[in-house]
Amino acid sequence: MVSKNLNPQQLEAVKKINGPVMIIAGPGSGKTRVITERIAFLLESGIDPKHILALTFTNKAANEMKQRVFKLTNSEQSFRLWMGTFHSVFAKILRIEGYRLNYSENFSIYDNDDSIKIIRRIVKDFNLDKDDYNPRFLYSKISILKNRLIDWKKYSMSNEFLENDKIRKQERFLDIYKQYSEFCFKSNSMDFDDLLINTHKLFKYHTDTCEKYQNIFKYIMIDEYQDTNLVQDSIVQQLSDKHKNICIVGDDSQSIYSFRGANINNILRFKSVFKETTEFKLEQNYRSTKNIVNVANNLIKNNFQKIDKTIFSNNEMGEQVDIIEYYNDREEGQKTAETINSIRPSLNNLNQVAILYRNNSQSKAFEDALRKFGISYKIFGGLSFYQRKEIKDIIAYFRLILNNNDEESLLRIINYPSRGIGSTTVQKLRDFAKKNDETIWKILSHNLDKININSGVKNKLLEFRNILKKLFEMHNDNVFNIAQSLENEIGIIKKLSLDENDENLNKLQNISELFNSLKLFSLKEYNNSLKDFINEISLDETKDKNEISNKVNLMTIHQSKGLEFSHVFVTGLENGIFPSARSVKNKSGLEEERRLLYVAITRASKKIKISYCQNRFQFGTIQSTEKSMFLEELKDCTNYIYKNEYLEQRAVNNIYKQKKSINNNKRMTFMPTSLKKVKYTNYRDIRGLNKGMKINHNIFGAGSILSVDENHGNEKITVLFENFGKKILLTKFAKFEIIK
DNA sequence: CGGTAGAATATTTTT
DNA sequence: TATTCTACCG
């Protein structure tokens, strides 16, 4: 039954299930609720869940939605919905249909790091100057082109593009683009953008396949439509062309992903593409106080490009929004922590507090200060577990096992751990491979004789080949067994254990965590093959984000999208940082930064403090800054707090002195940076676990213990989780706490 | 070929 | 500052 707590517009939007629908939903207007209720309503109306496709942008959003639909309908049906990110749903389709584009089902998925590495290698091969051809820049250029459906062939046909490259002294760009695309294809691999453009290609050139999916996805819903790019928009049109039951939800004022090719015009012109569109506007903000909504409105009205709407709140006025000036970033951290400390007693949970910043590097000052006050915090972003070097190395072996032609993975591990195959040899292999249009693996497996190398090197290559052969044969084995065999063959753990410095210990810890999760994965009842494992981790990095914790949240504003906190600190409002230096070069960039600030402000329900610093420690030096131009726009509706500069400076100098002495004392024992980002596993040997006990697991949440199995030292428990069903955990490794 | 030390370089946001 | 790259020596 559809919930009765919806307001009239929300209810109407939920019930209009046929034909194109556009829901413009302001921040805090109950957007997610409308989507979940709508899905529930579809199910109630007797529509088979397999005909419903719900797309989101982040895994976090997808997971949350899944759980909410499940709670709402309380039915197993909800698990049969097609729900996920664009990338994950399309990857699933491409695994099945990719053969039509000459990919095999085991294609690898390259992440940004892989892509940049490949491009860097190509630039080197071409003997080009790294300054003129910055791999990062090239990658983002390629990515944006792909998202605009311009492949290298199309690019080569545009005189305008080629002329431009000449002027910019990047005449070889086309060659690089081509080489990169061919490298990926030859490796039977797709980068993130390929997942989209190949889906588009598939539907465009194989109309029967397109029709097949049109008939599967009879009802399509897309969240955050303002963040779609051209490919995504095009695929959505392909899929909905037949039944036209498409519902998009979004807020143009929260479009903040243009760097990824998101085009705000997709939502602005939706109505003209789908002529019969019914439009709903959700303008009431249920989240924030009147003051906060007022400030947000005052900010966003400075943007030119937007859909007309009036966000209002019927909540209480609330406190004024503060804008605070600090002497430097250290003080900003200090005072923010101090404020949090002082309001701590009035909060029932610290997770109601968020410190938001423009880029990840700003987190440091806050971390230091919070630690000093003994306030626990949770930091989002930074390196995800699967991006760590030692983990990626092992994953590279796994990827190679599944996809023997994955050239990037092979090049990554051909001499890791070092086995006497140096760069000269690798270069010979690569040259030969290129000449014969083959992958290195193919040469290793049957063409080694044709390469001019001495017998010592050849033996080493043969040894390497034999290791791979052995591993390749295992591709269907239990994942944990594969991992163990891998360790037997390459002995990476053994090697790291020989020299137990901090860095190696940290690596070992991460690797053992990987092995633990492989063990757990292998214990699943189904979908527990290596293929499933790699699939899961290539696109999902939200592993441990939904733990319920009494911790302050530190994150970038991008990461905060869709979330809500009672107290929000928006920090670093300085020109060059927020708005970022790059964005001010053009008007649309600046408007996007303004939307970003809009998103930040509208995260808060009760209280916001916006701050900036006169000086900031950046690039290893102290630099004086200029306060953000956005603050000028908020002058009349906020409460400005200036500082007495002289006093502050003295205080700040003291802070720096302190800091210095700490540094000197601890220099030797300073944690390596990689260690700081680690989430510690509590290796515990929990005794006294009993049937019926309630526990809270860091990933699966709450559940109760069904049985305990002593299993000589490897104690296992079977737990029924409220949201994830039955799981077997090894208590030695699992991270959880006993609730009662 | 492998390891290391010291130089060079980079800093937006994410799937 | 933090990370990645390069040059050099064993």
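Worth knowing before you read on, the calculation uses all heavy atoms, side chains too, and leaves out hydrogens, waters and symmetry mates. Every chain is numbered from 1, with letters handed out A, B, ... down the list of sequences.
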Starting at the 5' end of DNA chain B and moving along, which residue's nearest nucleotide shows up first, A:Ser580 or A:Phe57?
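In this pair, the answer is A:Ser580.
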With nearest nucleotide decided by heavy atoms, which residue, A:Tyr257 or A:Thr425, maps closer to the 5′ end of DNA chain B?
A:Thr425
[X]/[Y] ion pair, N-O < 4.0 Å:
| X | Y | answer |
| --- | --- | --- |
| A:Glu574 | A:Arg616 | yes |
| A:Lys31 | A:Asp251 | no |
| A:Lys561 | A:Asp227 | yes |
| A:Arg399 | A:Asp114 | yes |
| A:Asp329 | A:Lys364 | no |

Check ring pair (Phe, Tyr, Trp, His ring centres under 6.0 Å) between A:His200 and all other residues, then give those that pass, not counting sequence neighbours.
none
Using whole Å, what does the distance between atom [atom2] of nucleotide [N] and atom [atom1] of [X] come to?
| X | N | atom1 | atom2 | value |
| --- | --- | --- | --- | --- |
| A:Phe192 | B:dT15 | CZ | C1' | 5 Å |
| A:Leu55 | B:dT15 | CG | P | 15 Å |
| A:Lys389 | C:dC5 | NZ | P | 9 Å |
| A:Ile235 | B:dT15 | CD1 | P | 17 Å |
| A:Ile116 | C:dT4 | CD1 | P | 11 Å |
| A:Ile144 | B:dT14 | CD1 | P | 16 Å |
| A:Ile421 | B:dC1 | CD1 | P | 10 Å |
| A:Lys364 | C:dT1 | NZ | P | 8 Å |

Within the structure, does a side-chain N or O atom of [X] lie under 4.0 Å from either OP1 or OP2 of [N]?
| X | N | answer |
| --- | --- | --- |
| A:Gln618 | B:dT11 | no |
| A:Arg136 | B:dT9 | no |
| A:Thr556 | B:dT14 | yes |

Flag the pair A:Phe569 / A:Tyr357 as yes when their ring centroid distance falls below 6.0 Å, and as no otherwise.
no
Picking from B:dT14, B:dC1, C:dC5, which would you name as closest to the side chain of A:Arg120?
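Nearest listed nucleotide: C:dC5.
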Measuring from the side chain of A:Asn415 (C-beta onward, heavy atoms only), which nucleotide among B:dT14, B:dC1, B:dG2 has the closest atom?
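That would be B:dG2.
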Going by ring centres under 5.5 Å and near-parallel planes (under 30°), is A:Phe259 stacked on B:dT13?
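Per 5.5 Å and 30° rule: yes, stacked.
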Start with the C-alpha gap between A:Phe259 and A:Tyr257, add the side-chain angles, then the distance that decides, and say whether ring pair (Phe, Tyr, Trp, His ring centres under 6.0 Å) holds.
CA-CA 5 Å; A:Phe259 67 92; A:Tyr257 281 106; 5.6 Å; yes
Pick base, sugar-phosphate or nothing for [X], based on heavy-atom distances below 4.0 Å to the nucleic acid.
| X | value |
| --- | --- |
| A:Thr424 | sugar-phosphate |
| A:Ser423 | sugar-phosphate |
| A:Ser361 | nothing |

Which atom pairs link the protein and nucleotides 3-8 of chain B when you take only N or O atoms and keep those under 3.5 Å?
none

Below 3.5 Å, does any donor atom in the side chain of A:Asn360 face an acceptor in the base of B:dT13, or the other way round?
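By the distance-only test, no, there is no pair.
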